Amino acid sequence: MQNRNVIITGANSGIGKASALKFATEGYNIIMACRDMVFSRNVQKEIIDISKNKNVYLMQVDMSSFNSIRTFCSEYKSKFEKVDILIHNAAYFNHGEKYQLSPDHIELTFATNVFGPFLMTTLLLDHLKKSDEPKIFHAGSNIIKHFFDLKTKIIFDNLQGEFKDSRSHSVYKMYCQSKMALLMLTFKMAEMFKDDGIKVNALQINGAKMSKRMIKKVKPWWRPITWVQNLFIPPTSYMANNYFEICTSDTFQHVTGKLFNDKLEIMQVAPNEYPGFFKQVKRVLGSSFYPTYANKKDVMDQLWELSIELTNDHSIHSTLKS
Ligand SMILES: NC(=O)c1ccc[n+]([C@@H]2O[C@H](COP(=O)([O-])OP(=O)(O)OC[C@H]3O[C@@H](n4cnc5c(N)ncnc54)[C@H](OP(=O)(O)O)[C@@H]3O)[C@@H](O)[C@H]2O)c1
């Protein structure tokens with residue numbers, strides 16, 4: 001697959017690393033978009049050695065910082081002619097951490113998992129449009145199942161530290177909301193980018209073996225749980241294959257605006273009525289349906305507008321028209 005460029009954020013560990021290896025082995029040009037250059041350099045070497053593909057590049061980016069993303073995109077554009085596949089894999093989730101603000105004064109989970117990816121996508125749109133089959137991919141999570149509880153919603157009024165000292169904070173809840181927001185942006189982007197032929201899809205990840213690097217980030221008392229979890233969940237290569245299939249297979253060539261489960265089935269929105277306890281349990285355990293909240297058009301539009309406002313990237317309107 002010569003001359004097809006794949007950007008993978010967070011490609012130095014876990015599923016991102018396994019995906020970089022998979023795409024490299026299949027002959028794609030890989031751009032590992034990573035934060036820690038010292039650690040990532042060794043991973044880059046390892047991927048080149050195993051895949052025998054020299055076209056594995058490493059570029060620095062901190063997905064929580066708009067400045068860093070802007071620098072990354074302008075350097076990328078000076079080096080590469082187009083983007084064929086943009087994989088938003090990096091995510092922030094550190095158990096037990098307090099409310100933190102990004103360099104742009106945005107809650108860190110949302111900055112890294114939602115607004116950073118949004119900005120990178122919008123800045124690379126013109127380069128995506130140069131591909132004959134442009135794809136954007138979002139790494140989702142089954143944590144959004146919490147939204148089957150109809151009381152759960154995205155809390156918009158504390159994303160810039162408004163109540164950081166007066167409200168209790170849960171990284172877990174923030175992560176859950178950020179993954180729902182990313183899914184909603186998947187749907188919205190698919191609609192907005194349709195005329196430009198850019199396909200946008202997401203994968204609901206139920207679990208993949210956590211890397212040593214990730215386990216080190218969780219609180220010591222949580223680590224035994226992750227070790228036990230790791231015994232029962234699939235290896236990262238399984239999810240990497242799913243990333244690859246969704247982004248490259250002929251079967252999904254024309255698919256856009258969809259959420260896949262880990263069996264590569266397209267998930268459906270749950271029927272609207274409140275389902276009752278047993279159906280609710282089935283829904284939470286199964287992977288056929290996603291919560292109706294994800295299709296709320298008013299929230300989708302609010303997220304879209306807020307993403308433009310916070311990233312201060314109004315160029316998207318002109319890029320989409322041209
Ligand atoms: N593993 C699972 O069971 C599971 C379940 C559901 C969803 N997911 C999703 O799958 C994706 C991959 O997860 P994983 O399990 O492979 O996690 P991981 O091993 O911890 O990898 C996360 C990657 O994101 C990078 N990252 C975090 N913050 C960043 C930032 N500000 N800028 C640049 N890179 C940043 C990390 O880089 P550093 O090395 O610099 O920290 C790391 O490379 C994530 O989107 C996650 O939410 C995973």
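Everything numeric here is computed off the predicted structure, so don't read it as measured data. Indexing begins at 1, ligand by ligand and atom by atom, following the structure's order.
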Any idea which protein heavy atom is nearest [atom], and the distance to it?
atom	answer
atom 4 (C) of ligand 1	I205 CG2, 3.8 Å
atom 13 (O) of ligand 1	I15 CD1, 4.2 Å
atom 31 (N) of ligand 1	D62 OD1, 2.8 Å
atom 35 (C) of ligand 1	A90 CB, 3.7 Å
atom 44 (C) of ligand 1	N89 O, 3.1 Å
atom 18 (P) of ligand 1	S13 OG, 3.6 Å
atom 1 (N) of ligand 1	A208 O, 3.1 Å
atom 40 (O) of ligand 1	R35 NE, 3.1 Å

Side-chain ([X]) to main-chain ([Y]) donor-acceptor, under 3.5 angstrom:
X	Y	result
N29	N55	no
E107	Y99	no
S102	S65	no
T226	R223	yes
Y76	T71	no
Q268	F289	no

Proximity to ligand 1 by part of [X], non-hydrogen separation under 4.0 Å:
X	answer
K179	side chain
T112	side chain
R213	side chain

Is there a nitrogen or oxygen of [X] sitting under 3.5 Å from a nitrogen or oxygen of ligand 1?
X	answer
S211	yes
K209	no
A33	no
M63	yes

Atom indices of ligand 1, in the order listed, that fall short of 4.0 Å to a heavy atom of [X]:
X	result
G207	3 (O)
V61	32 (N), 33 (C)
G10	23 (C), 24 (O), 25 (C), 43 (O)
G140	7 (C)
G14	16 (O), 19 (O)

The one among Y175, F72, F93 that brings a heavy atom closest to atom 46 (C) of ligand 1: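 It is Y175 that holds the nearest heavy atom.
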Polar contact flag, side-chain donor to acceptor under 3.5 angstrom, S178-N113: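 Side chains of S178 and N113: pair found under 3.5 Å.
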Residues D84 and Y28: side-chain donor-acceptor under 3.5 angstrom: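 Note: D84 and Y28 side chains miss the donor-acceptor criterion.
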Parallel, tilted or perpendicular: ring planes of F244 versus F23, cut at 30 and 60 degrees: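 The arrangement is perpendicular - the two ring planes meet at more than 60°.
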Charged N-O contact under 4.0 Å between D49 and K45: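 No.
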N-O pairing of K129 and D195 below 4.0 Å: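 Between D195 and K129 there is no salt bridge, as every charged N stays at least 4.0 Å from the carboxylate O atoms.
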Heavy-atom closest pair, residues T311 and F115: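 T311 and F115 have their closest heavy atoms at CG2-O, 3.6 Å.
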Test applied, side-chain hydrogen bond (donor to acceptor under 3.5 Å, both in side chains); reference residue, T186; option that passes from H138, H88, E191: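 Filter result, single survivor: H138.
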